[in-house]
Amino acid sequence: MQETQGGILEGLRSIPFPGSGISLGDLNLVQSIEDSGKEAAISLSFPSVFPITQEEFKVFLEHALKKIAPDKEVKLDIRAAKPKELNRISHVVAVMSGKGGVGKSSVTSTLAVGLSRSGLRVGILDADITGPSIPKIFGLKNRPMAGEDGFLPLTSAKEHIPIMSANLLLEREDDPIIWRGPLVGKAITQFWEDTLWGNLDILLVDLPPGTSDAPLTVTQSLPLSSVVMVFSPQELASMVVRKAIRMVKEKMGVPILGLIENFSYYLEPGSGKRLEIFGKSNASNLTEFASAPLLARIPIDTELSVVCDQGEIEKYNSDAMQEMCRAFLEALKKND
Ligand code: ADP
């Protein structure tokens, strides 16, 4: 039995919202409590993004409170709120690449999983509207919950990472999305404002690849803190990466947190020899050009492509992944 004010608050905050893997505290629904011994007045927010009504939420809370504080008379004050009023996101970090196919979505997903494992609350906004692959990498098939005020993201099976993607709103996952620039911007702004993320330490945004209008519009529609650039050694002698770096520096006005070289080398089974299959690393030239650190060199790993294909990224672990997350957090701290 928890009888102190903090006890009730902690108890309420740790309850998962019905039908979602996210707790009331992480959704930032519990606002305040006034405890006068026998009685307590609790104030909560309720945005219409859930499949239950405010009245049903109240009944759910009354049941929960009977267990948390059975002897207390509790008065509930539940107020409607918009998702954007409740979102508290410390860092919005975009993951970008000079072109498609370099592993941007795989890196975004492994980063999210690794950072979650270290106890941070991480979400993913899949803004790669023309080729959204994040739901597939996490094996998500359902549609997100939705109400008048917007959406509640789906959550990954193991780490409960909240994930929002245009693909989750399509009738069929292979339906094409043919949206032109302004519509892309509108859709992303809507995802941003109308999704209840709640409290997040980091929101990773998987950007459309390249240096066209699409990634630029997306970044201009979001309050980005920084950008991570993913590249591979064979990218046309790094010309496309330089273009992307220049776009961040000259047009986006956000710092580059760091660079990640994917498909960097292959560890020969048995000998453990590093083979640079796609050519020599260009990382040192690029880090100098970007004035940003190299966060990781990720090897070619067939296990990574298998877990991504099977929607089981949360089973994956590797030394390179852990190193990348450590370096990412260090860079984030320096950037603050
Ligand atoms: P992008 O988002 O840049 O288009 P993806 O993340 O979809 O690229 O990766 C493209 C393909 O390469 C996917 O099939 C993915 O599983 C695979 N892949 C990505 N990184 C690696 C890696 N380090 N080792 C092996 N396969 C990888």
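Since this is a predicted model, take the numbers as computed values, not measurements. All ligand and atom numbering here is 1-based and tracks the order in the structure.
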Would you check if the side chain of Q322 reaches a backbone N or O of G114 as a donor-acceptor pair within less than 3.5 Å?
-> no
List in chain and number order the residues that pass ring-ring contact (aromatic ring centres under 6.0 Å, His included) with F289, two or more places apart in sequence or in another chain; answer none if no residue qualifies.
-> none
Under 4.0 Å from ligand 1, counting heavy atoms only: the protein residues, by chain and number | G100, G101, V102, G103, K104, S105, S106, N262, F263, I298, P299, I300, D301, L304, S305, C308
P208 versus K104, closest heavy-atom pair with distance | C-CE, 4.4 Å
Residue pairs passing the ring pair (Phe, Tyr, Trp, His ring centres under 6.0 Å) test where at least one lies in residues 28-50, sequence neighbours excluded | F17-F50, F46-F50, F46-F57
If a pair satisfies salt bridge (Lys or Arg N to Asp or Glu O under 4.0 Å) and one of its residues is in residues 300-311, list it, with sequence neighbours excluded.
-> none
Steps toward side chain to side chain donor-acceptor pair (under 3.5 Å) verdict (E268, S271) | CA-CA 6 Å; E268 196 177 56; S271 74; 2.6 Å; yes
